[in-house]
Amino acid sequence: MLDPYAKRVVGKPDLSTADKRSWFLLNDRRDNAKLAPKGVVASSSNFDWQGDKPLQTPWEKSIIYELHVKGFTKLREDLPAHIRGTYAGLAHPKSIAYLQSLEITAVELLPVNFFVNEPHLQEKRLSNYWGYNPLAMFALETTYAATDNPMDEFKQAVKALHRAGIEVILDVVFNHTAEGEKHFPTFSQRGIDDQTYYYHNDQGYYENWTGCGNTLNLSTPQGRAWVLDCLKYWVEEYHIDGFRFDLASSLGREQPYFNPQGLLFKAIENDPILSRCKMISEPWDLGDGGYQVGNFPSYFAEWNDRYRDDIKRFWLWKSGALGTFAERLAGSSDIYRKANQLPYKTLNFISAHDGFTLRDLVSYNYKHNWANGENNYDGHNENYSYNHGIEGFTEGLPKNEQNTVEKQRFLTSVALLRTLLLSNGTPMLLAGDEFGNTQYGNNNAYCQDNQITWLKWSMFERDLFVATQQAIQLRKKIQSLTNGQWWNTQNVNWLNESGHSLQVENWQNYASKAIQILLDDKWLLVINAKDDLQNFILPDGKWQMLVSNRTQLLKGQVLLVETLDFCILQRK
């Protein structure tokens with residue numbers, strides 16, 4: 001059995017056929033010592049951190065950038081070939097300079113813990129690209145290393161990011177393990193203490209609240225200690241700044257329902273090492289009562305799927321729910337303004353590793369997951385996307401039609417990015433969305449370790465990148481977006497097209513699709529999500545246009561805003 005505390009691991013099991021899998025079954029009496037993954041005794045290295053310390057960027061100043069270590073640099077031709085797709089590639093000065101130019105404050109890395117490919121993927125000669133199938137949570141994934149010393153190579157990446165003012169947050173999986181279902185191959189916890197480590201039903205089978213065959217039982221002292229020790233190890237050994245927990249409702253399951261005051265949550269909060277780290281939850285799992293958005297302890301930020309869906313519906317599905325749009329823009333107080341919680345708790349996002357990229361949201365009406373080998377049944381069917389008239393790429397259209405479609409896609413992408421980056425709360429940007437990265441319509445690319453998922457730097461859209469930069473720079477200047485406070489009547493005015501305060505009939509008019517938001521009596525956000533031009537009468541004062549998709553006609557206090565535009569003006 002592999003030690004659950006193993007710091008290094010050698011050997012990934014071949015599970016590609018039934019015969020090879022049988023060597024790891026508990027009822028197979030053959031000795032599999034030559035085939036099994038093995039822990040390696042590893043002590044802390046003499047790595048020179050050169051005074052590196054936690055950055056502890058305040059939540060209200062944080063802008064998170066979700067990336068995959070391999071996919072981020074694998075296709076960057078300006079990096080040395082041997083470090084593309086590795087920790088060293090992430091640490092390269094050109095990678096660091098790019099992240100600095102974007103002005104994000106933290107990278108959230110998809111799992112870098114040692115993982116194994118599921119048997120069904122090995123049979124299909126596919127691999128778990130995302131890494132959400134952990135085999136050893138204390139150990140570093142070695143396939144992302146360019147050298148024979150992955151531990152120091154990863155530390156160098158963390159140190160380089162810290163020097164650039166960028167925190168490192170790890171996506172971690174403590175809801176299930178790679179051991180899968182009850183009678184699947186056994187590697188570690190199942191063989192050591194099955195009853196303690198996993199939840200079982202009355203028939204003795206695993207509770208599958210994760211969709212991955214098993215669910216870890218973290219309500220036991222042993223389970224909690226394992227998680228706490230692991231988190232502290234990554235902070236102390238690798239100087240990690242925080243963690244994002246996959247299917248995090250599993251962390252709070254006790255007897256066996258979710259408990260927001262659970263023992264593991266209390267232990268994290270009271271730990272002197274972990275209490276200073278950023279904690280982010282994906283606040284759901286697949287079990288009974290698993291959807292817990294808004295219910296995690298106050299020190300957690302939460303992935304807010306209601307923000308994601310409501311904002312997409314507003315811009316892409318023409319929902320017209322102006323009140324809902326405003327609620328999400330203002331920090332989702334309907335979900336989070338309770339028990340003295342602050343707006344940072346809503347982690348706002350439009351797209352993430354799971355689902356369409358931003359480019360695909362504006363290019364596809366339907367998922368295209370055929371390469372996954374599941375007859376396109378996998379992945380979400382309802383993506384709230386809009387292809388703007390043609391599915392996928394536009395090369396086959398006449399040039400004028402192609403230009404029209406691409407223009408509309410660009411305008412919608414910019415509107416979504418500005419909405420995300422100018423909303424109250426903590427924004428998270430998916431790597432590549434800032435320059436138009438596509439996954440060719442695959443919205444569940446977990447098993448595509450290839451050019452479907454790797455960032456396509458050769459298709460870089462400079463105008464989209466500049467628009468993203470501008471929005472981030474503006475965010476940092478607006479007090480109501482960086483003070484960590486809820487908006488109120490003292491710092492925000494909601495105005496209609498005529499410049500008057502919105503009344504009940506305005507909020508309920510689903511056809512208006514237009515709004516002005518005056519922040520700090522200085523910044524004016526003007527939004528036209530309609531399909532035609534819209535005249536706005538601006539509030540009193542002289543205004544300077546800072547950001548707009550297209551040149552606007554300013555005549556006195558009248559602003560003519562074209563369709564799908566999100567303008568930002570500043571009072572002179």
Side-chain angles (χ1 to χ4, degrees), residues 57-66 104-106 108 167 169 171 242-249 251-252 258 260 265 277-284 290-315 319 321-355 358 384 416-430 433 471-472 474-476 478-488 491-492 494 517 519 525:
T57 305
W59 272 111
E60 60 268 23
K61 309 290 186 185
S62 296
I63 301 170
I64 296 172
Y65 186 78
E66 187 194 38
I104 52 92
T105 69
E108 182 178 302
E167 293 184 306
I169 298 170
D171 195 335
F243 302 91
R244 178 266 186 190
F245 296 90
D246 180 64
L247 297 181
S249 292
L251 303 179
F258 180 82
F265 294 147
C277 296
K278 282 186 168 67
M279 298 292 171
I280 302 171
S281 68
E282 183 183 39
W284 50 78
Y291 187 77
Q292 293 294 332
V293 171
N295 295 326
F296 271 72
S298 60
Y299 63 85
F300 273 91
E302 297 180 6
W303 275 30
N304 186 351
D305 64 325
R306 288 176 61 183
Y307 178 95
R308 175 197 64 195
D309 294 347
D310 287 339
I311 296 301
K312 287 193 296 187
R313 281 192 287 254
F314 183 79
W315 284 107
S319 73
L322 205 57
T324 301
F325 174 79
E327 186 75 76
R328 300 293 159 254
L329 194 77
S332 296
S333 63
D334 58 331
I335 304 172
Y336 296 111
R337 193 168 188 172
K338 56 186 178 182
N340 297 318
Q341 293 179 353
L342 295 173
Y344 83 79
K345 192 171 177 66
T346 171
L347 194 142
N348 300 326
F349 67 108
I350 300 296
S351 50
H353 65 274
D354 184 6
L358 177 63
Y384 307 115
L416 285 163
L417 285 167
R418 287 180 183 156
T419 303
L420 170 65
L421 294 166
L422 298 175
S423 291
N424 203 10
T426 304
M428 185 187 78
L429 182 67
L430 173 65
D433 276 359
I472 290 175
L474 272 171
R475 178 184 181 85
K476 294 183 176 183
I478 300 175
Q479 182 179 356
S480 289
L481 295 176
T482 56
N483 63 7
Q485 300 300 312
W486 293 105
W487 294 355
N488 55 53
N491 64 356
V492 62
W494 306 93
I517 305 114
L519 291 175
L525 315 182

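Computed from a prediction, not measured in an experiment: that's the story for all the values here.
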Atom [atom1] in [X], atom [atom2] in [Y]: separation rounded to 0.5 Å?
{"X": "I169", "Y": "T105", "atom1": "CD1", "atom2": "OG1", "result": "7.5 Å"}
{"X": "L417", "Y": "L422", "atom1": "CG", "atom2": "CG", "result": "10.0 Å"}
{"X": "K476", "Y": "T482", "atom1": "NZ", "atom2": "OG1", "result": "10.5 Å"}
{"X": "L421", "Y": "I63", "atom1": "CG", "atom2": "CD1", "result": "6.5 Å"}
{"X": "L420", "Y": "I311", "atom1": "CG", "atom2": "CD1", "result": "9.0 Å"}
{"X": "L474", "Y": "L481", "atom1": "CG", "atom2": "CG", "result": "9.5 Å"}

Any side-chain heavy-atom pair of [X] and [Y] under 4.5 Å:
{"X": "N424", "Y": "T346", "answer": "no"}
{"X": "L347", "Y": "N304", "answer": "no"}
{"X": "F314", "Y": "L416", "answer": "no"}
{"X": "R475", "Y": "P427", "answer": "yes"}
{"X": "L247", "Y": "E282", "answer": "yes"}
{"X": "S62", "Y": "Y344", "answer": "no"}
{"X": "R306", "Y": "D334", "answer": "yes"}
{"X": "T57", "Y": "K278", "answer": "yes"}

Self-check item: Row check, W303 ring normal vs R308 NZ/CZ: under 6.0 Å, within 45°
Solution: no
Quiz item: Can R328 be said to sit on top of Y307's aromatic six-ring, NZ or CZ under 6.0 Å from centre and within 45° of the ring axis?
Solution: no
Self-check item: Aromatic ring proximity, centroids under 6.0 angstrom, F258 and Y291
Solution: no
Practice problem: Quick one: sort the F300 and F296 rings into parallel, tilted or perpendicular, breaks at 30° and 60°. | Solution: perpendicular
Quiz item: Would you call the rings of F325 and W315 parallel, tilted or perpendicular if under 30° counts as parallel and over 60° as perpendicular?
Solution: perpendicular
Exercise. Take E66 and F349 through the test side chain to side chain contact (heavy atoms under 4.5 Å, CB included) and record every step on the way to the result.
Key: CA-CA 10 Å; E66 187 194 38; F349 67 108; over 6 Å; no
Quiz item: Regarding S351 and D433, is there a side-chain donor-to-acceptor distance under 3.5 Å anywhere?
Solution: yes
Exercise. Please determine, by modelled atom types, if S480 and N491 share a side-chain donor-acceptor pair under 3.5 angstrom.
Key: yes
Practice problem: Considering only NZ, NE, NH1 and NH2 on the basic side and carboxylate oxygens on the acidic side, decide whether R244 and D246 come within less than 4.0 Å. | Solution: yes
Self-check item: Backbone of I335 reached by a side-chain donor or acceptor of K345 within 3.5 Å
Solution: no
Practice problem: State whether the side chain of E302 and the backbone N or O of V293 hold a donor-acceptor pair below 3.5 Å, judged by distance alone. | Solution: no
Quiz item: Does the side chain to side chain contact (heavy atoms under 4.5 Å, CB included) test come out yes or no for N483 and E60, once each step is laid out?
Solution: CA-CA 6 Å; N483 63 7; E60 60 268 23; over 6 Å; no
Practice problem: Kindly indicate, with the supporting measurements, whether the criterion side-chain hydrogen bond (donor to acceptor under 3.5 Å, both in side chains) is fulfilled by N348 and S423. | Solution: CA-CA 8 Å; N348 300 326; S423 291; 4.8 Å; no
Self-check item: Contact summary for Y336 and G331, nearest pair of heavy atoms
Solution: CD1-O, 4.1 Å
Practice problem: Could you please spell out the steps behind the side chain to side chain contact (heavy atoms under 4.5 Å, CB included) verdict for I517 and W494? | Solution: CA-CA 5 Å; I517 305 114; W494 306 93; 3.5 Å; yes
Quiz prompt | E327 vs S333, side-chain hydrogen bond (donor to acceptor under 3.5 Å, both in side chains): CA-CA, chis, key distance, verdict | solution = CA-CA 7 Å; E327 186 75 76; S333 63; 2.7 Å; yes
